[in-house]
Every structure is written in C-alpha cells, then in structure tokens.
S.K.: 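Here's a structure for you.
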Amino acid sequence: ITCLDISSGGGLGVSASTDGTMKIWQAANGEIRRLLEGHVYDVNCCRFFPSGLVVLSGGMDAQLKIWSAEDASCVVTFKGHKGGILDTAIVDRGRNILSCSRDGTARLWDCGKSACLGIIADCASPINGIAVGTADSSLNLGTPEKPPSEREVGTEGKILLLAREDKKLQGVGLQSRQPVFLFVGSDAFNCCTFLSSTYILAGTQDGNIYQLDVRNT
C-alpha cells in the first residue's frame, strides 16, 4: 500500500497499491466496495475530492486519473507528465488540481476541460511531495507575467510547497508561478504540509522534520 485517504464524511476509505489497483472500502469495517483498475504499474497517490464521491490518483505510468467512487468508472485521464506522478493536491473544491512528478515539474490542471493550465514549477529534480495552502497575508506572492486563464479557479492568495529531491523545499505563488522562498535542508525532502497560513512542516530522507515560518525560512 502506497497511500490512503478517508472521505470528508468519514464513511469511505481509498487505498492505492504497487499492484496497479486502488480499493474503496467502508471505513467502519474495511469491507471492499469498489476496485479501481486502469493504471499501469504502481499507483503512488490517491485522495478524495471534498465531495467524497470522486477520487484523484497518480501513478508511475505518468497518468493522473479521476474516478467515480460510486461506480468505479474512470471519468478523466490527464496526460502530460514525462515521469511517474509522486503527489497531488486539490485546489478548493476541485475545479483545479495539482500534480508533481519525477520529471521535475508541478502542473495545474482544469478538471472540466481535462487540460493542463500550466507548469507551476520546473525544478530539474524530482518533486516528491506538494501541498497547497492559503498564504499569510503579509507574504508577497508575486504577480503573474500574463493574466491567468478564466479556467483557473481558487488559485489567488495560495502558495504551493514543493518537497524536492535535491534537498530543497520551495514555496511558489500558485497564481503568479513566482518563487516565494527556497530553503535548503540536510537531505532530499519527501513530504510537506501546512500547519497554518504561517507555519509549514517538511520531512527529509535522513529523518529530520523541519518546522518553518513561511515569512522567514
């Protein structure tokens, strides 16, 4: 098992596996409800949309997929990454989603048109984990070089964290695509998350957990 998530209502769980499948199960008793098949190779990440009715997954086949938790159908497949997808994030209610990959890019996708809205970051090093959060109001997120697409929903005022293989933890303005900070740690960053709009946590390969203030890293 590589990843699991519980729906916002707490009723369902989803788990992803190196056998290329995912399972949706009753959280109360573990009873399997649906088998999600369609990825080739390992499925690295899975998460429920806020509705609890839809699941997002990413795999070593460089594909992102959206699934119905009700009938196990694959609704959309996003293609564009050149390497395995390592993590995903959902913006607000899920009109837009984010992914990161071994190819060194983090991408923003439009679920409605199943299209890539842009490359948020290109690091030339695998991005092992991402997290999206509302930025502290004192933080300068930069301004976009061109006006954002009207298909971009909920990206304003958000910061994207990138946990990078090259020992760097980076913050990027989600709408602006501009770097906000770059912190160098002791080893490859594997994962990251927001504690609040001010504080973040990130874990490295050599066993350290960093707590940082985004206003002064």
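Only this structure's heavy atoms are used, side chains among them; waters, hydrogens and symmetry mates stay out.
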S.K.: Does Leu212 offer a backbone N or O that forms a donor-acceptor pair with the side chain of Thr217 under 3.5 Å?
M.R.: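 Not at all, since once roles are kept as given, no pair shorter than 3.5 Å links the two residues.
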S.K.: What residues form a side chain to side chain contact (heavy atoms under 4.5 Å, CB included) with Ala72, not counting sequence neighbours?
M.R.: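 With neighbours one apart ignored, the set is Arg34, Leu36.
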S.K.: How about CG on Asn216, more than 12 heavy atoms from neighbouring residues, nucleotides or ligands closer than 6.0 Å, or not?
M.R.: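 Counting neighbours around CG of Asn216, 12 or fewer heavy atoms of other residues, nucleotides or ligands fall under 6.0 Å, so no.
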S.K.: Kindly write out the residues that satisfy salt bridge (charged side-chain N to carboxylate O under 4.0 Å, His left out) with Asp92, not counting sequence neighbours, or none if the list is empty.
M.R.: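 By the salt bridge (charged side-chain N to carboxylate O under 4.0 Å, His left out) rule, Asp92 matches Lys158.
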S.K.: Find out whether Leu201 and Ile209 are in side-chain contact, i.e. whether some heavy atom of one side chain is under 4.5 Å from a heavy atom of the other.
M.R.: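 The answer is yes; the side chains approach within 4.5 Å.
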S.K.: Can you sort out the partners of Glu165 under salt bridge (charged side-chain N to carboxylate O under 4.0 Å, His left out), two or more places apart, ordered by chain and number?
M.R.: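 Salt bridge (charged side-chain N to carboxylate O under 4.0 Å, His left out) check on Glu165 returns nothing, list empty.
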S.K.: Could you work out, with side-chain hydrogen bond (donor to acceptor under 3.5 Å, both in side chains) as the rule, every residue matching Gln26, not counting sequence neighbours?
M.R.: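 With sequence neighbours excluded, Gln26 shows a side-chain hydrogen bond (donor to acceptor under 3.5 Å, both in side chains) to Arg33, given in chain and number order.
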S.K.: Is Phe78 close to Ile97 at the side-chain level, that is, under 4.5 Å between some pair of heavy atoms?
M.R.: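 The answer is yes, as the side chains (C-beta and beyond) meet within the 4.5 Å cut-off.
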S.K.: Spell out, as yes or no, whether a donor-acceptor pair under 3.5 Å connects the side chain of Thr2 to the backbone of Val43.
M.R.: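 Yes, because the side chain of Thr2 sits within donor-acceptor range (under 3.5 Å) of the backbone of Val43.
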S.K.: Give the minimum heavy-atom separation between Ile127 and Cys123, together with the two atoms involved.
M.R.: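 Looks like CD1-SG, 3.8 Å.
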S.K.: Looking only at atom types and distance, does a side-chain atom of Thr204 sit under 3.5 Å from a main-chain N or O of Phe189, one as donor and one as acceptor?
M.R.: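 A pair under 3.5 Å: no.
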S.K.: Output the distance between atom OG (Ser101) and atom CE (Met60), rounded to the nearest 0.5 Å.
M.R.: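 It is 8.5 Å, given to the nearest 0.5 Å.
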S.K.: Per the salt bridge (Lys or Arg N to Asp or Glu O under 4.0 Å) rule, what does the pair list look like for residues 93-112, sequence neighbours excluded?
M.R.: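 Residue pairs passing salt bridge (Lys or Arg N to Asp or Glu O under 4.0 Å), neighbours aside: Asp110-Arg151.
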S.K.: Calculate, to the nearest 0.5 Å, the distance between atoms CD1 and SG belonging to Ile24 and Cys46 respectively.
M.R.: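 The SG atom of Cys46 is 9.0 Å from CD1 of Ile24, to the nearest 0.5 Å.
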S.K.: Tell me if a side-chain donor or acceptor on Ser176 pairs with a main-chain N or O of Gln178 at a distance below 3.5 Å.
M.R.: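 Confirmed, Ser176 side chain pairs with Gln178 backbone.
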S.K.: Please, which pairs that meet salt bridge (Lys or Arg N to Asp or Glu O under 4.0 Å) have at least one residue in residues 37-51, sequence neighbours excluded?
M.R.: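 Qualifying pairs: Arg47-Asp87.
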S.K.: CH2 of Trp25 to CD of Glu31: how many Å apart, nearest 0.5 Å?
M.R.: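 With rounding to 0.5 Å, CH2 (Trp25) is 12.5 Å from CD (Glu31).
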S.K.: With a 4.5 Å limit on heavy-atom distance, are the side chains of Val180 and Val172 in contact?
M.R.: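 Side chain of Val180 against side chain of Val172, heavy atoms only: no contact under 4.5 Å found.
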S.K.: Is any side-chain heavy atom of Thr105 closer than 4.5 Å to a side-chain heavy atom of Cys100?
M.R.: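 They are not in side-chain contact.
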S.K.: Could I get the full list of ring pair (Phe, Tyr, Trp, His ring centres under 6.0 Å) partners for Phe194, not counting sequence neighbours?
M.R.: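 So Phe194 forms no ring pair (Phe, Tyr, Trp, His ring centres under 6.0 Å) with any residue.
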S.K.: To the nearest 0.5 Å, what is the distance between CG on Leu169 and CG on Asn128?
M.R.: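 Reported to 0.5 Å precision, the distance equals 11.5 Å.
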S.K.: If you measure only the distance, is there a donor-acceptor pair under 3.5 Å linking the side chains of Glu152 and Asn96?
M.R.: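 No, because no side-chain N or O of Glu152 sits under 3.5 Å from a partner of the opposite role on Asn96.
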S.K.: For the atom pair CG (Asn44) and OG (Ser17), what is the distance rounded to the nearest 0.5 Å?
M.R.: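 Taking CG in Asn44 and OG in Ser17, the distance rounds to 10.5 Å.
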S.K.: Does a side-chain heavy-atom distance below 4.5 Å link Val153 with Val91?
M.R.: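 No - every pair of side-chain heavy atoms lies 4.5 Å or more apart.
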S.K.: What pairs meet the salt bridge (Lys or Arg N to Asp or Glu O under 4.0 Å) rule with one or both residues in residues 196-215, with sequence neighbours excluded?
M.R.: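 Output for this query lists Asp213-Arg215.
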S.K.: Using a 3.5 Å distance criterion without hydrogens, assess whether the side chain of Asp5 forms a donor-acceptor pair with backbone atoms of Phe48.
M.R.: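 Between the backbone of Phe48 and the side chain of Asp5 there is a qualifying donor-acceptor contact (under 3.5 Å).
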S.K.: Using a 4.5 Å cut-off on heavy atoms from C-beta on, say whether the side chain of Thr155 contacts that of Leu108.
M.R.: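 Yes, at least one pair of side-chain atoms sits under 4.5 Å.
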S.K.: Quick one: side-chain hydrogen bond (donor to acceptor under 3.5 Å, both in side chains) partners of Asp122, sequence neighbours excluded?
M.R.: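 side-chain hydrogen bond (donor to acceptor under 3.5 Å, both in side chains) check on Asp122 returns nothing, list empty.
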S.K.: Using a 4.5 Å cut-off on heavy atoms from C-beta on, say whether the side chain of Cys111 contacts that of Val76.
M.R.: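 Of all side-chain heavy-atom pairs linking Cys111 with Val76, none is under 4.5 Å.
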S.K.: For Ile32, look at atom CD1 and say whether over 12 heavy atoms of other residues, nucleotides or ligands are found less than 6.0 Å away.
M.R.: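 Yes, the 6.0 Å shell around CD1 holds more than 12 heavy atoms from other groups.
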S.K.: Let me check something: any side-chain donor-acceptor pairs from residues 132-142 under 3.5 Å, sequence neighbours excluded? List them with distances.
M.R.:
unit_1	atom_1	unit_2	atom_2	d
Asp136	OD1	Thr198	OG1	3.4
Asp136	OD2	Ser138	N	3.0
Asp136	OD2	Ser138	OG	2.4
Asn140	OD1	Gly142	N	3.0

S.K.: Once salt bridge (Lys or Arg N to Asp or Glu O under 4.0 Å) is applied, what residue pairs with a partner in residues 52-66 remain, sequence neighbours excluded?
M.R.: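 Not a single pair qualifies under salt bridge (Lys or Arg N to Asp or Glu O under 4.0 Å).
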S.K.: Which pairs count as ring pair (Phe, Tyr, Trp, His ring centres under 6.0 Å) when at least one residue sits in residues 160-185, sequence neighbours excluded?
M.R.: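 Listed by first then second residue: Phe183-Tyr210.
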S.K.: Taking the side chain as everything from C-beta on, heavy atoms only, tell me whether Arg164 gets closer than 4.5 Å to Leu182.
M.R.: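 A side-chain contact exists here, since the closest heavy-atom pair is under 4.5 Å.
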S.K.: Just how far is it from atom CD1 of Ile130 to atom CD1 of Ile85, taken to the nearest 0.5 Å?
M.R.: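 Interatomic distance, Ile130 CD1 to Ile85 CD1, rounded to 0.5 Å: 10.0 Å.
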S.K.: Do you see a donor-acceptor pair shorter than 3.5 Å between the side chains of Trp109 and Ser99?
M.R.: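 Yes, because at least one side-chain N or O of Trp109 sits under 3.5 Å from a partner of the opposite role on Ser99.
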